[in-house]
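Below is one structure; the comments refer to it alone.
All residue numbers in this chain count up from 1 along the given sequence. Just the heavy atoms: all of them, side chains too, but no hydrogens, waters or symmetry mates, feed the values below. Computed from a predicted model, the values in this text were never measured in an experiment.
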Amino acid sequence: MNYTLNCNGQLLDLSTPQVMGILNATPDSFYAASRTQTEHDIAKRAEEILQQGGTIIDVGACSTRPDSQTATEKEEAERLRLALKTIRDVAPDAIISVDTFRPQLARMAVEEYGVAIINDVGAPVNSQNITIESQKEMFRMASRLRVPYIYMSHKSNIKDILLDCAEVVDTLRSMGQEDIIIDPGFGFGKTVEENYKVMNGLERLQMLNLPVLVALSRKSMIYRLLETSQEEALTGTIVLDTIALTKGADILRVHDVREAVESIKIVNSIK
């Protein structure tokens, strides 16, 4: 199916898959080479994403990797403000998504900086302060802000991911949410083997009739299987992104934008 997302009045056409470039405004994101903390580095990364063909800049200011120390809301807010202001200075019309699990920071990003998409990966695994009710608060916030919302499932197999997403979609629809994107959550709540089983059944997510985002970039499911490292995981990332495209992925969330754009061109030429 062909989908469009309403991003601040711009219709983002997903009939051709799109690339979401990662901009980590953190000191501790799992892939060290992706960390940008100064205005100069943030501006350079934002321009790089757009120049290489990315259509969405995904800004995160709180690492959710398992062994990280969860940033306080104040710390995350300060990092987000610096990153979002800097991006707006160099790319005022860019489509930006905010990667956060905190509803009030999502509100700030949308209302103050024109962020167009909320990318909610859910609570960090080491957080003690996030509850089911607080996640529903994020559902209500996204619906009130009337922006596209990305829901990521932490379930470990494709059947449970489908059931989880179907339930969440029903809840979001009851709140008036229109644009919903599904993320099967590679690397979250899954073993290496479970991640590959989810990939094997990825096309089943088409049953939900919603756009699908995949975030595989340089994750441990790649470098653990290949017995390498994050720095050496680009080839594996390209392979998995390409497979995901053949199984119906609509958005690739990546560190390496140019390579993802080229993968999309090749897959589209085959189709």
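- The shortest side-chain heavy-atom distance between Glu48 and Arg45 falls under the 4.5 Å cut-off.
- A salt bridge links Lys85 with Asp89: the distance from a Lys NZ or Arg NE/NH1/NH2 to an Asp or Glu carboxylate oxygen falls below 4.0 Å.
- Checking side-chain atoms of Asn195 against main-chain N and O of Phe186 turns up no donor-acceptor pair under 3.5 Å.
- Within a 6.0 Å sphere centred on NZ of Lys74, other residues, nucleotides and ligands contribute 12 heavy atoms or fewer.
- In the hydrophobic clustering (ILVMFWY side chains linked at under 4.5 Å, chained through shared members), Ile266 is joined by Ile270.
- Distance alone, capped at 3.5 Å, is enough to place a donor-acceptor pair between the Lys190 side chain and the Phe188 backbone.
- Within the 3.5 Å criterion, the main-chain N or O of Tyr113 finds a donor-acceptor partner in the side chain of Arg88.
- Residues Leu234 and Val261 fall into different hydrophobic clusters, defined by Ile, Leu, Val, Met, Phe, Trp and Tyr side chains chained together at heavy-atom separations under 4.5 Å.
- Between Thr191 and Glu194, the closest heavy-atom pair is N-OE1, 2.8 Å.
- No side-chain donor-acceptor contact under 3.5 Å links Asn24 and Thr26.
- Just one of Val19, Asp99, Leu216 meets the side chain to side chain contact (heavy atoms under 4.5 Å, CB included) condition when paired with Arg253; it is Asp99.
- The backbone N or O of Gly53 lies less than 3.5 Å from no partner atom in the side chain of Arg258, so there is not a single donor-acceptor pair.
- Between Asp179 and Tyr3, the side chains place no donor N or O within less than 3.5 Å of an acceptor N or O (distance only, hydrogens not considered).
- Counted within 6.0 Å of CD on Glu227, heavy atoms from surrounding residues, nucleotides or ligands total 12 or fewer; the atom is thus considered open.
- Side-chain N or O atoms of Ser217 include one that pairs as donor or acceptor with a backbone N or O of His255 at under 3.5 Å.
- Between Arg79 and Glu76 no salt bridge is recorded (no basic side-chain N to carboxylate O distance below 4.0 Å).
- For the pair Leu12/Ile56, a side-chain contact is recorded, criterion being any heavy-atom separation below 4.5 Å from C-beta on.
- Taking both residues in full, the closest heavy atoms of Ala106 and Met138 are given as CB-SD, 4.0 Å, listed atom of the first, atom of the second, then distance.
- Across every non-hydrogen atom of Ile182 and Leu210, the tightest pair is CG1-CD1, 3.9 Å.
- Remark: the Ser263 side chain and the Asp241 side chain contain no N/O donor-acceptor pair separated by less than 3.5 Å.
- Put simply, Val90 and Ile22 are part of two different groups of oily side chains (I, L, V, M, F, W, Y) that touch within less than 4.5 Å, one to the next.
- Ile158 pairs in a side chain to side chain contact (heavy atoms under 4.5 Å, CB included) with only one of the listed residues (Val198, Asn200, Leu163), which is Val198.
- Interatomic distance, CD of Glu167 versus OG of Ser153, reported as 10.5 Å (0.5 Å rounding).
- Taking Tyr149 as the reference, Phe139 meet the ring pair (Phe, Tyr, Trp, His ring centres under 6.0 Å) condition, with sequence neighbours excluded.
- Judged purely by atom type and a 3.5 angstrom limit, Gln18 has no side-chain atom pairing as donor or acceptor with the backbone of Ile251.
- Listed for the Thr237 side chain is a donor-acceptor partner under 3.5 Å among the backbone atoms of Arg218.
- The hydrophobic clustering, which links ILVMFWY residues whose side-chain heavy atoms are closer than 4.5 Å, places Leu225 and Leu240 together.
- The number of heavy atoms from other shown groups lying within 6.0 Å of CZ (Arg146) does not exceed 12.
- One finds a salt bridge joining Lys197 and Glu193 here, because a Lys/Arg side-chain nitrogen approaches an Asp/Glu carboxylate oxygen to under 4.0 Å.
- Counting heavy atoms from C-beta outward, Val214 and Met199 have side chains that stay 4.5 Å or more apart.
- To the nearest 0.5 angstrom, Leu14 atom CG is 8.0 Å from Thr55 atom OG1.
- Nearest heavy-atom pair, Gly236 versus Ile222, reported as atom, atom and distance to 0.1 Å: CA-CG2, 3.8 Å.
- By the neighbour-count criterion of 12 heavy atoms within 6.0 Å, atom NZ of Lys155 is sparsely surrounded, having that number or fewer from other residues, nucleotides or ligands.
- Panel note: side chain Gln206, backbone Glu203; no donor-acceptor pair is recorded below 3.5 Å.
- Put simply, the side chain of Val169 does not reach to within 4.5 Å of the side chain of Leu208, judged on heavy atoms.
- Between Val98 and the choices Val147, Leu80, Asp58, the side chain to side chain contact (heavy atoms under 4.5 Å, CB included) rule is met once, by Leu80.
- Counting all heavy atoms, side chain and backbone alike, Ser156 lies closest to Gly189 at CB-O, 3.5 Å.
- Pairing each heavy atom of Leu205 with each of Pro184, the nearest pair is CD1-CB, 3.9 Å.
- No donor-acceptor pair under 3.5 Å is formed between the side chain of Lys247 and the backbone N or O of Ile243.
- Using a 4.5 Å cut-off between side-chain heavy atoms of Ile, Leu, Val, Met, Phe, Trp and Tyr, with links allowed through other members, Tyr196 and Leu252 fall into the same hydrophobic cluster.
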